[in-house]
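What follows is a single structure, written as structure tokens, with notes after it.
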Amino acid sequence: MKELEHLGLRLRAARTGRGWTLESLAKKAGVSASTLSRLEAGKRQANLELLLPLTKALDISIDELLTPVVEDPRVKRDPWERDEATFHPLSPETSHIQTYKIVLRPRPAHDGPLGTHGGHEWLYVLSGRLRLHLDDREIILHRGEAAEFDTRTPHAMSAVGPENTEILSIFNEAGVRFHTEEG
């Protein structure tokens with residue numbers, strides 16, 4: 001089964017990530033260190049009798065050790081427009097965190113009410129200049145600059161111009177609904 005292909009490597013990463021030796025995990029799980037070593041090296045077949053005590057000791061699920069089979073990792077979603085922005089999705093719809101390349105067309109400084117929603121937003125300016133309103137502050141970000149902020153802070157953004165501004169933006173689920181609602 002392809003899902004089991006990297007189980008040993010993931011098991012080793014979970015163990016070493018906690019700073020545990022082979023012996024310490026083996027003792028906690030009630031298996032021999034040599035069995036654990038062979039399992040991590042891919043020289044022993046994984047079975048539930050071995051995996052259940054190991055995952056319990058590591059406080060992880062068996063699913064975390066399995067490699068998901070991805071047929072085609074490319075994201076195939078169409079861009080859409082909203083207001084003065086074009087959204088290019090860079091992550092699958094099913095992802096809990098959504099990433100977008102957003103192209104903002106220049107417009108005057110924001111003069112309406114600023115938006116708020118739960119979560120945090122992270123963005124990176126690829127080209128152009130971005131006007132970021134955060135509460136009563138206006139910040140101009142240039143190519144290569146990044147910003148991260150609590151989205152409960154009233155905020156808005158726009159391209160300064162004269163050219164478009166391109167940004168990479170990462171949203172949690174609440175941010176996706178607020179900023180990117182298609183339609």
Side-chain angles (χ1 to χ4, degrees), residues 1-7 9-10 12-14 16-18 59-183:
M1 291 180 64
K2 197 156 181 82
E3 293 88 351
L4 296 173
E5 201 169 281
H6 299 289
L7 183 134
L9 293 173
R10 289 176 182 237
R12 180 180 297 134
T16 58
R18 287 163 177 73
D59 193 29
I60 60 174
S61 70
I62 290 177
D63 287 345
E64 291 177 68
L65 296 178
L66 301 177
T67 304
V69 176
V70 179
E71 296 302 320
D72 186 349
R74 292 175 289 186
V75 175
K76 297 178 181 178
R77 294 174 60 194
D78 293 328
W80 71 89
E81 294 195 19
R82 179 174 166 228
D83 301 325
E84 284 89 21
T86 303
F87 293 83
H88 300 269
L90 302 176
S91 53
E93 281 184 84
T94 55
S95 179
H96 295 289
I97 302 295
Q98 292 289 307
T99 305
Y100 294 88
K101 179 177 109 175
I102 303 172
V103 179
L104 300 164
R105 291 176 289 290
R107 67 174 182 173
H110 187 82
D111 60 355
L114 303 177
T116 62
H117 54 87
H120 278 74
E121 185 166 338
W122 177 91
L123 59 91
Y124 178 82
V125 180
L126 294 168
S127 67
R129 294 179 298 156
L130 178 71
R131 180 184 298 112
L132 176 62
H133 290 272
L134 285 176
D135 207 3
D136 60 352
R137 294 177 294 160
E138 180 181 290
I139 303 163
I140 305 296
L141 289 103
H142 297 86
R143 182 176 60 87
E145 292 188 298
E148 185 270 337
F149 56 93
D150 185 323
T151 54
R152 292 174 295 181
T153 303
H155 63 281
M157 58 184 80
S158 59
V160 174
E163 70 279 356
N164 289 343
T165 298
E166 292 184 328
I167 63 172
L168 286 180
S169 192
I170 299 174
F171 303 107
N172 66 358
E173 291 178 38
V176 169
R177 287 191 299 276
F178 182 81
H179 284 288
T180 66
E181 195 169 84
E182 295 181 58

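Along the sequence shown, residues carry numbers from 1. Excluded from the calculations below are hydrogen atoms, water molecules and symmetry mates; all remaining heavy atoms, backbone and side chain alike, are included.
- Closest approach of Pro162 and Pro106 over heavy atoms only: O-CG, 3.4 Å.
- A pairwise comparison of heavy atoms in Leu141 and Ala146 identifies CD2-O, 3.8 Å as the closest pair.
- Here the CD atom belonging to Glu166 is positioned 12.0 Å from the OH atom belonging to Tyr124, to the nearest 0.5 angstrom.
- Atom CZ of Arg152 sits in a sparse spot, with 12 or fewer heavy atoms from other residues, nucleotides or ligands closer than 6.0 Å.
- The backbone N or O of Gly161 sits less than 3.5 Å from a side-chain atom of Arg129, completing a donor-acceptor pair.
- Under the 4.0 Å criterion applied to side-chain N and carboxylate O atoms, Arg10 and Glu64 are not assigned as salt-bridge partners.
- The shortest heavy-atom contact between Ile140 and Val160 is CD1-CG2, 3.7 Å.
- Shown here for Thr151 and Gly118, the closest heavy-atom pair between the two residues is OG1-O, 2.9 Å.
- Distance check: His142 NE2 to Thr165 OG1 gives 10.0 Å after rounding to the nearest 0.5 Å.
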- [ ] Output, in order, the C-alpha distance, side-chain angles, deciding distance and verdict of side chain to side chain contact (heavy atoms under 4.5 Å, CB included) for His133 and Glu138.
- [x] CA-CA 5 Å; His133 290 272; Glu138 180 181 290; 3.2 Å; yes
Open item on the list: Assess the residue pair Thr153 and Thr116 against the criterion (side chain to side chain contact (heavy atoms under 4.5 Å, CB included)); give the C-alpha distance rounded to whole Å, side-chain angles, the decisive distance to 0.1 Å, and a yes or no.
Closed with: CA-CA 6 Å; Thr153 303; Thr116 62; over 6 Å; no
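- Separation of atoms CG (Leu126) and CG (Asn164) is listed at 12.5 Å; rounding is to 0.5 Å.
- The two residues Arg107 and Arg131 make their nearest non-hydrogen contact at O-NH1, 3.5 Å.
- Of the candidates Ile167, Leu168, Leu132, Ile167 is the only one forming a side chain to side chain contact (heavy atoms under 4.5 Å, CB included) with Val125.
- Atom CG of Leu123 and atom OG1 of Thr99 lie 12.0 Å apart (nearest 0.5 Å).
- By the 4.5 Å heavy-atom criterion applied to side chains, Glu121 and Ser169 are counted as neighbours.
- Rounding to the nearest 0.5 angstrom, the gap separating the CG atom in Leu114 from the NE2 atom in His155 is 8.5 Å.
- Rounding to the nearest 0.5 angstrom, the gap separating the NE2 atom in His88 from the CG atom in Asp78 is 11.0 Å.
- Between Phe87 and Tyr100, the ring planes lie perpendicular to each other; the angle is over 60°, past the 30° to 60° tilted range.
- Considering all non-hydrogen atoms of both residues, Ala85 and Arg105 come closest at N-NH2, 3.3 Å.
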